[in-house]
Amino acid sequence: MLPQHRAARPLGVAQLAAAQRTAGNADVTYRNMGLHRMPYGATARHANAAQAGSLELLAQRRVIGRGGELDLGDQDVGSERLRMTRDDPTLEDAVDAVVGARMVIMNPPFTNRGKMGEKFSDGIRRRLRKRVDWLEGTLVENDPELDGIVSKTSIGPLFKVLAEKCSDANDGVIAMVWPTVAFTAPSAHDLRQVLAKRLHIHTILTSHQPGEINLSQNTSINESLIVASRHQLKGSRLPTRVISLDRMPADDQEVGELHDHIVQCGAGLLGDGWGEVSEWPAERIKAGDWSPGVFRAPELANGAFNIATHKSLLPMEEQSMVPS
């Protein structure tokens, strides 16, 4: 997650290269690099517990929205304090970096909780799952609207909530990679509704090119890009722009070409066979219907919506065909 503040210097190529070279070195001082190395797994100061990396930010009051007036030294929601060595970034530094971020870019892990920390021993993994459960409880306690939204099977929803918590409350922008199945999955319905309530879902981009449907490395699942912002939260909401790609850009030049076509296209077919742009009404997005991200053709998305909302078609539960 790379927060970008107005006054902050952009994270340049040199910093990214340095980060790659030093990521595995526990002795590197990150404080002056604009990077933050979060505690993960067992730590020297927490021999009988485990730390959950970036999710540790969910134990900070300034992040989860409670106690923003507190001093930096009194941020922890729980009684346990995380104290790191002088040469490591502290949680206070990380909180200062992420709270009120103008832009948050995130690829939330699509990971089952049972697979967290596979590189650690079974004992540490059990403590890690227990720690994440505690963080989830703390989050829900301070934001009851999230009760039932975070999943006991996947840690992805916790990261998505973290992105929303870190973004600037007035004009923050969030870009996240989502598994495309999450646009229609009933298990993600409440999360879609909460995010659409707190953010304007500006754009959904999905690739439908066979063999090129993922946006992450080392995965073959269909993934989409969501761009959301705090804008348009007052008054009438604008529709969500849905970009369905027929092919993925192969290099930087094609990225530029695709960008130009998207900028020039209000709605309809993109030039040079890139795909199609359509709009989905804000009231449907707010209701949790993000299904156009799944369909290549907007006509199919509208057809599915008409079937799902047809007055003469009763749900199976109402026809006593399945248990309610």
Side-chain angles (χ1 to χ4, degrees), residues 1-12 15-16 34-36 54-55 57-58 60-70 72 75 92-108 139 142-143 145-146 149 156-178 182-183 191-205 215 224-243 255 259-260 262-267 277 279-288 290 293:
M1 182 170 60
L2 301 176
Q4 179 181 333
H5 293 264
R6 296 183 190 84
R9 290 174 294 180
L11 190 63
Q15 277 192 293
L16 290 175
L35 303 172
H36 298 276
S54 295
L55 292 181
L57 292 169
L58 294 177
Q60 301 298 306
R61 291 179 179 176
R62 291 175 59 213
V63 173
I64 63 177
R66 192 180 97 181
E69 74 282 354
L70 296 179
L72 290 178
Q75 291 176 22
E92 291 181 1
D93 290 339
V95 170
D96 287 341
V98 302
V99 168
R102 176 65 179 84
M103 180 178 293
V104 180
I105 301 173
M106 180 183 286
N107 186 353
L139 175 67
N142 291 276
D143 192 345
E145 192 173 35
L146 299 177
I149 289 178
L158 285 172
F159 277 89
K160 294 168 185 175
V161 170
L162 177 60
E164 186 270 327
K165 293 290 185 183
C166 292
S167 64
D168 186 273
N170 296 314
D171 60 357
V173 175
I174 298 174
M176 283 192 290
V177 174
W178 275 38
F183 296 155
L191 177 61
R192 294 194 298 267
Q193 283 189 311
V194 167
L195 290 182
K197 176 182 178 181
R198 301 181 180 188
L199 299 161
H200 168 54
I201 309 303
H202 182 280
T203 299
I204 296 175
L205 182 147
L215 300 176
S224 298
L225 177 66
I226 295 176
V227 180
S229 73
R230 300 287 188 183
H231 298 294
Q232 299 298 325
L233 294 183
K234 297 179 180 179
S236 59
R237 299 231 184 165
L238 295 176
T240 294
R241 198 177 197 196
V242 181
I243 303 173
V255 169
H259 173 267
D260 292 340
I262 292 175
V263 170
Q264 296 168 10
C265 179
V277 178
E279 292 184 341
W280 197 244
E283 59 270 18
R284 297 182 189 177
I285 290 289
K286 191 174 181 180
W290 297 15

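Hydrogens, waters and symmetry mates play no part in the numbers below; they use all other heavy atoms, side chains included.
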Side chain to side chain contact (heavy atoms under 4.5 Å, CB included) for Ile204 and Phe183? Distances and angles first, verdict last. CA-CA 10 Å; Ile204 296 175; Phe183 296 155; 3.6 Å; yes
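- Of all heavy-atom pairs spanning Ser167 and Gly172, the tightest one is CB-CA, 4.3 Å.
- Side-chain N or O atoms of Arg230 include one that pairs as donor or acceptor with a backbone N or O of Arg198 at under 3.5 Å.
- The minimum heavy-atom distance between Ala196 and Arg237, with the atom names listed, is O-NH1, 2.5 Å.
- Although no hydrogens or angles enter the test, the distance criterion places a donor-acceptor pair under 3.5 Å between the side chain of Thr240 and the main chain of Ile201.
- Residues Asn107 and Phe159 have side chains not in contact (no heavy-atom distance under 4.5 Å, counting atoms from C-beta outward).
- Atoms CG and CE, on Leu195 and Met176 in that order, are 5.5 Å from each other to the nearest 0.5 Å.
- You'll find the side chain of Ile174 stays beyond 4.5 Å of the side chain of Met106, heavy atoms only.
- The shortest distance between side-chain heavy atoms of Lys160 and Trp178 falls below 4.5 Å.
- Scanning for side chain to side chain donor-acceptor pair (under 3.5 Å) contacts around Asp260 gives an empty result, with sequence neighbours left out.
- Without hydrogens or angle criteria, Arg62 side chain to Val95 main chain gives no donor-acceptor distance under 3.5 Å.
- Nearest heavy atoms, Pro108 versus Gly156: CB-O, 4.1 Å.
- Of the candidates Ile262, Val227, Leu225, Ile243 forms a side-chain contact (heavy atoms from CB on, under 4.5 Å) with just one, namely Ile262.
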Would you sort out whether Leu55 and Leu58 count as a side chain to side chain contact (heavy atoms under 4.5 Å, CB included), showing the intermediate values? CA-CA 6 Å; Leu55 292 181; Leu58 294 177; 4.0 Å; yes
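- Classification of Lys197 and Glu145 as a salt-bridged pair holds, one side-chain N sitting under 4.0 Å from a carboxylate O.
- For the atom pair Ile149 CD1 and Leu139 CG, the distance stands at 9.5 Å (nearest 0.5 Å).
- Side chains of Val194 and Leu146 form a contact here, defined as non-hydrogen atoms less than 4.5 Å apart.
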Could you walk me through whether Asp143 and Lys165 satisfy the side chain to side chain contact (heavy atoms under 4.5 Å, CB included) test, starting with their C-alpha distance in whole Å, then the side-chain angles of each, then the deciding distance to 0.1 Å, before giving a yes or no? CA-CA 11 Å; Asp143 192 345; Lys165 293 290 185 183; 2.6 Å; yes
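- Atom CD of Gln60 sits about 11.0 Å away from atom SG of Cys166, to the nearest 0.5 Å.
- Put simply, the side chain of Val161 does not reach to within 4.5 Å of the side chain of Pro157, judged on heavy atoms.
- The nearest pair of heavy atoms linking Ser54 to Leu162 is O-CD2, 3.7 Å.
- Using a 4.5 Å heavy-atom cutoff, the side chains of Val242 and Val277 are not in contact.
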Walk me through whether His200 and Leu238 qualify under side chain to side chain contact (heavy atoms under 4.5 Å, CB included). CA-CA 8 Å; His200 168 54; Leu238 295 176; 4.1 Å; yes
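- In this structure, Arg192 contributes its side chain and Gly288 its backbone to a donor-acceptor pair below 3.5 Å.
- Minimum interatomic distance between Pro281 and Pro239 (heavy atoms only, all atoms of both residues): CA-CB, 4.3 Å.
- To the nearest 0.5 angstrom, Asp171 atom CG is 10.5 Å from Met103 atom CE.
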